[in-house]
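Okay, structure first, notes after.
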Amino acid sequence: MTMNKKSIALLALCAAPLALPAAYAQDIPKVSRELVEQYVKNTWKKPPEGWQARIDQDETQRVCSETRNQPNAEQSKAILAREKATVVFPADGKVLGDWKRGEKVANTGTGGQFSDKADTYRGGNCYACHQMAAKELSFGTLGPSLLGYGKVRKFDAAEAKAAYAKIYDAQSVVACSNMPRFGTHKVLTEQQMKDVTAYLFDPASPVNKD
């Protein structure tokens with residue numbers, strides 16, 4: 001198969017380090033950030049109103065992309081400080097809602113798509129990455145198991161507040177975390193984040209049952 005320079009450039013963009021024959025490797029052109037951003041934007045020909053901002057990377061996303069989620073110590077410190085400043089706690093001081101509603105949020109993966117209707121429920125899809133309640137048999141393993149989350153932490157109020165902050169913006173806790181910034185990007189409402197926190201911390205929640 002004959003590969004031209006354009007094909008090689010596309011491979012360089014899409015693959016994590018790709019082993020190419022030496023003859024090809026010498027011909028790979030340097031790719032600028034501007035060119036990558038242009039390719040990304042060109043994949044979204046007619047984004048719905050308000051979606052353009054989602055295409056543009058913020059500073060944290062840019063750093064995590066450029067470092068492949070391995071920022072150095074200085075970059076990590078800057079990310080944590082910047083993201084911590086975005087966390088907004090409930091005005092009433094309460095971070096625990098209704099765990100039963102939180103269970104629905106954790107189990108639901110709909111919402112946030114171009115095809116959403118006015119009444120489409122937007123969930124957190126937490127089980128895509130975490131094990132939470134022992135009764136649930138289908139869960140992802142990208143994130144750690146959260147079985148007994150509140151019980152292990154002795155249902156401590158400060159720990160519940162920290163969990164709410166991580167749900168709101170995981171990058172305020174772990175730089176370049178894979179976890180979505182549910183509050184910063186308004187993926188979930190304040191009430192939904194309270195309910196998910198309750199799902200993790202309420203003693204009656206199936207997350208904390210043996």
Side-chain angles (χ1 to χ4, degrees), residues 50-51 53-54 58 60-61 64 69 79-80 82-210:
W51 279 67
R54 302 187 183 195
D58 60 28
T60 294
Q61 290 169 324
C64 292
N69 291 336
I79 288 172
L80 294 177
R82 180 168 53 247
E83 298 304 317
K84 187 175 181 180
T86 76
V87 178
V88 179
F89 289 100
D92 63 7
K94 299 177 181 179
V95 297
L96 297 178
D98 183 328
W99 73 258
K100 293 181 180 179
R101 292 199 303 256
E103 184 175 39
K104 179 180 179 180
V105 177
N107 270 300
T108 305
T110 57
Q113 300 176 20
F114 289 172
S115 57
D116 284 0
K117 301 293 188 296
D119 59 348
T120 298
Y121 181 85
R122 178 178 290 191
N125 202 23
C126 306
Y127 277 96
C129 295
H130 299 283
Q131 180 182 25
M132 301 182 80
K135 68 176 184 177
E136 298 292 347
L137 302 179
S138 179
F139 52 85
T141 56
L142 180 62
S145 171
L146 304 180
L147 280 175
Y149 196 87
K151 187 176 183 180
V152 169
R153 290 161 179 75
K154 304 184 186 303
F155 307 109
D156 182 73
E159 291 282 4
K161 186 176 181 179
Y164 180 93
K166 188 168 186 179
I167 293 168
Y168 193 104
D169 188 338
Q171 299 221 46
S172 69
V173 181
V174 179
C176 295
S177 170
N178 288 316
M179 185 169 165
R181 291 176 282 178
F182 289 106
T184 303
H185 288 162
K186 303 187 185 307
V187 177
L188 298 177
T189 66
E190 178 183 283
Q191 186 59 56
Q192 285 180 309
M193 290 185 287
K194 284 185 174 186
D195 294 340
V196 172
T197 305
Y199 188 48
L200 292 172
F201 272 89
D202 195 306
S205 167
V207 171
N208 296 307
K209 297 295 185 180
D210 295 333

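These values consider heavy atoms only, across backbone and side chains, with no hydrogens, waters or symmetry-generated copies.
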Check your understanding: Any luck finding a side-chain donor-acceptor pair between Asn107 and Glu103 under 3.5 Å?
Key -> no

Exercise for review: Side-chain contact test, heavy atoms from C-beta onward, threshold under 4.5 Å: evaluate it for Met132 versus Cys126 and give yes or no.
Suggested key: yes

Review point. For Ala133, does its backbone N or O pair with a side-chain atom of Glu136 as donor and acceptor, under 3.5 Å?
Key: no

Point to revise | Any donor-acceptor N/O pair, Gln192 side chain to Thr189 backbone, under 3.5 Å | key: yes

Review point. Going by heavy atoms in the side chains, are Asn125 and Thr108 under 4.5 Å from each other?
Key: no

Review point. Does the side chain of Asp92 reach to within under 4.5 Å of the side chain of Lys194, using non-hydrogen atoms?
Key: yes

Review point. Which residues satisfy the disulfide (SG to SG under 2.5 Å) test with Cys129, sequence neighbours excluded?
Key: none

Check your understanding: Just wondering, do Ser172 and Lys166 contact through their side chains at under 4.5 Å, heavy atoms?
Key -> no

Exercise for review: Report yes or no: does Tyr121 contribute a side-chain atom to a donor-acceptor pair with the main-chain N or O of Gly109 at less than 3.5 Å?
Suggested key: no

Review point. Cation-pi between Lys161 and Phe89: NZ/CZ under 6.0 Å from ring centre and within 45° of the ring axis?
Key: yes

Exercise for review: Please work out which of the three classes, parallel, tilted or perpendicular, describes the rings of Trp99 and Tyr199, given edges at 30° and 60°.
Suggested key: parallel

**Study point:** Donor + acceptor pair across side chains of Thr184, Glu83 (<3.5 Å)
**Key:** no

Check your understanding: Given side chains that start at C-beta, do those of Asp195 and Gln191 come closer than 4.5 Å, heavy atoms only?
Key -> yes

**Study point:** Short side-chain to backbone donor-acceptor contact, Asn208 and Lys151, under 3.5 Å
**Key:** yes

**Study point:** Between Thr60 and Arg82: side-chain donor-acceptor atoms closer than 3.5 Å
**Key:** yes

Check your understanding: Within 45° of the six-membered ring axis of Tyr149 and under 6.0 Å from that ring's centre, is NZ or CZ of Arg153 located there?
Key -> yes

